[in-house]
Number of protein chains: 2
Amino acid sequence: MGDLCDFSQLLARHGVRLTAVRLAVLDILGAAPRALRAAEILEMIRTRRQVNKVTVYRILDDFTHRGLLRRLILEGRVSHYELACEHHPPHPHFQCHLCREIQCLEPVPLIRMWTELQGPVGNRADQIDVRVKGLCHKCREIS
Amino acid sequence: MGDLCDFSQLLARHGVRLTAVRLAVLDILGAAPRALRAAEILEMIRTRRQVNKVTVYRILDDFTHRGLLRRLILEGRVSHYELACEHHPPHPHFQCHLCREIQCLEPVPLIRMWTELQGPVGNRADQIDVRVKGLCHKCREIS
DNA sequence: AATCGAAAATCAACTGAGTTGCAAGTATAA
DNA sequence: TTATACTTGCAACTCAGTTGATTTTCGATT
Ligand SMILES: [Mn+2]
Ligand SMILES: [Mn+2]
Ligand SMILES: [Zn+2]
Ligand SMILES: [Zn+2]
């Protein structure tokens, strides 16, 4: 999924030092087929090296503010993260209400809704998030 | 906002006993111009009577599962609640990234996107949430 | 009116993702 | 090499929400 991005170059461009943990975070998210929770990323890094959770949380937060990652709020309390580089434009997400698994959906054009969604005169809309909830195909055939 | 609903009748129809706290929750949400956090609802009930937070959380959870309220996940950690009766169909929400305030927007037709948003064949989409982020008109004129 | 069982409210203790402040370590610059 | 800034680690904390056990209230039955 992220095999198109050169992460060390990406970090350099953002004026961020290349460190083992930072690269691991990007590698893992780049290889993931879906958005991941901080705890999942932490666990995956720990299969390679020892790391403190605070370090990972701080990196995720920093990268999000730099626009390198997107933080997805799909359910209460836990955030999910995904790459935000040019090869991964914003897109809607699907969450199964049974297995809670998250899927990335293809981008849909929202341009026609944009004006309507600005709401009361004077609001400035910067971003539109679309979240689909339902039953995924795996859970459908089980139940 | 909720002056159209007869709450005592609504509770009766759901086979739920009418109690002071339950009615207060519905009254408050019915009068609110926007979705409220549990802590806000709790505080507002406490201007009238003494009540434990667990009671309020349990009522909000119960009402949500009965489909009497909608729980909105708009930012991490805190949920917002709004009435889900027939006078208040699902609709998009706007959140200002500066003051964090939430506004309800008019419903928009999503029917054209529905098929696209089902995603991989076999998924069943039940619900589409639209969330707009930006700068509200109040915060715009300040900054 | 007194009794009883179910539903509702309370209390204290807990959960867990995420945060904070500060100390220790490591890389870059002078 | 030494000074400096940046990065990581550790421990303690926060806070919305949850849990389980106990007490209170309600509505029915006798
Ligand atoms: Mn995605
Ligand atoms: Mn609303
Ligand atoms: Zn599923
Ligand atoms: Zn605002």
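Within every chain, numbering begins at 1; the chains are lettered A, B, ... in the order of the sequence lines, protein sequences first and strands thereafter. The shown structure was predicted, so the numbers you read here are calculated from the model rather than taken from an experiment.
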Exercise. B/E43 has an atom CD; how far is it from atom P of D/dC15, in whole Å?
Worked result: 15 Å
Problem set entry | A/T19 vs D/dT7: side-chain N/O to OP1/OP2 distance below 4.0 Å | no
Seminar exercise, completed: Walking DNA chain C from its 5' end, the first of B/R58 and B/R17 to be reached, judged by nearest nucleotide, is B/R17
For this session: Quick one: label B/A39 by what it contacts on the DNA or RNA (base, sugar-phosphate, nothing), any heavy atom closer than 4.0 Å.
Result: nothing
For this session: State which residue, out of A/H91, A/R34, A/H88, fulfils the side chain to side chain donor-acceptor pair (under 3.5 Å) condition with A/E82.
Result: A/H91
Problem set entry | Donor on one side chain, acceptor on other, B/Q95 and B/H80, under 3.5 Å | no
Problem set entry | Residue A/Y57, side-chain atoms from C-beta onward, closest of D/dA11, C/dG18, C/dT10 | C/dG18
Exercise. Below 4.0 angstrom from OP1 or OP2 of C/dA9, is there any side-chain N or O of B/N52?
Worked result: no
Exercise. Would you say a side-chain N or O of B/Q50 is under 4.0 Å from OP1 or OP2 of C/dT10?
Worked result: yes
Problem set entry | Integer-rounded Å distance: D/dA16 P and A/I73 CD1 | 16 Å
Exercise. Taking for each residue the nucleotide of DNA chain D with the nearest heavy atom, is it A/T55 or B/K53 whose nucleotide lies nearer the 5' end?
Worked result: A/T55
Exercise. Expressed in angstrom and rounded to an integer, what is the separation of A/E75 atom CD from C/dG18 atom P?
Worked result: 10 Å
Problem set entry | Whole-Å gap separating C1' (D/dC15) and CG (B/L42) | 14 Å
For this session: Report which part of the nucleic acid A/V78 touches: base, sugar-phosphate, or nothing (heavy-atom distance under 4.0 Å, all strands).
Result: sugar-phosphate
For this session: Could you state the atom-to-atom distance from CG of B/L18 to C1' of C/dA9 in whole Å?
Result: 15 Å
Problem set entry | Shortest side-chain distance from B/V16, nucleotide among D/dG20, D/dG9, C/dA8 | C/dA8
Exercise. Less than 3.5 Å between a donor and an acceptor, one on the side chain of A/R77 and one on the base of D/dT18, is that the case here?
Worked result: no
Problem set entry | Side chain A/R70, main chain A/L83, donor-acceptor under 3.5 Å | yes
For this session: Give A/R37 one of three labels, base, sugar-phosphate or nothing, depending on what nucleic acid heavy atoms sit under 4.0 Å from its own.
Result: nothing
Exercise. For residues B/H97 and A/Q127, is any side-chain donor paired with an opposing acceptor at under 3.5 Å?
Worked result: no
For this session: Taking only Lys NZ, Arg NE, NH1 and NH2, and the carboxylate oxygens of Asp or Glu, determine whether B/R58 and B/D62 approach each other closer than 4.0 Å.
Result: no
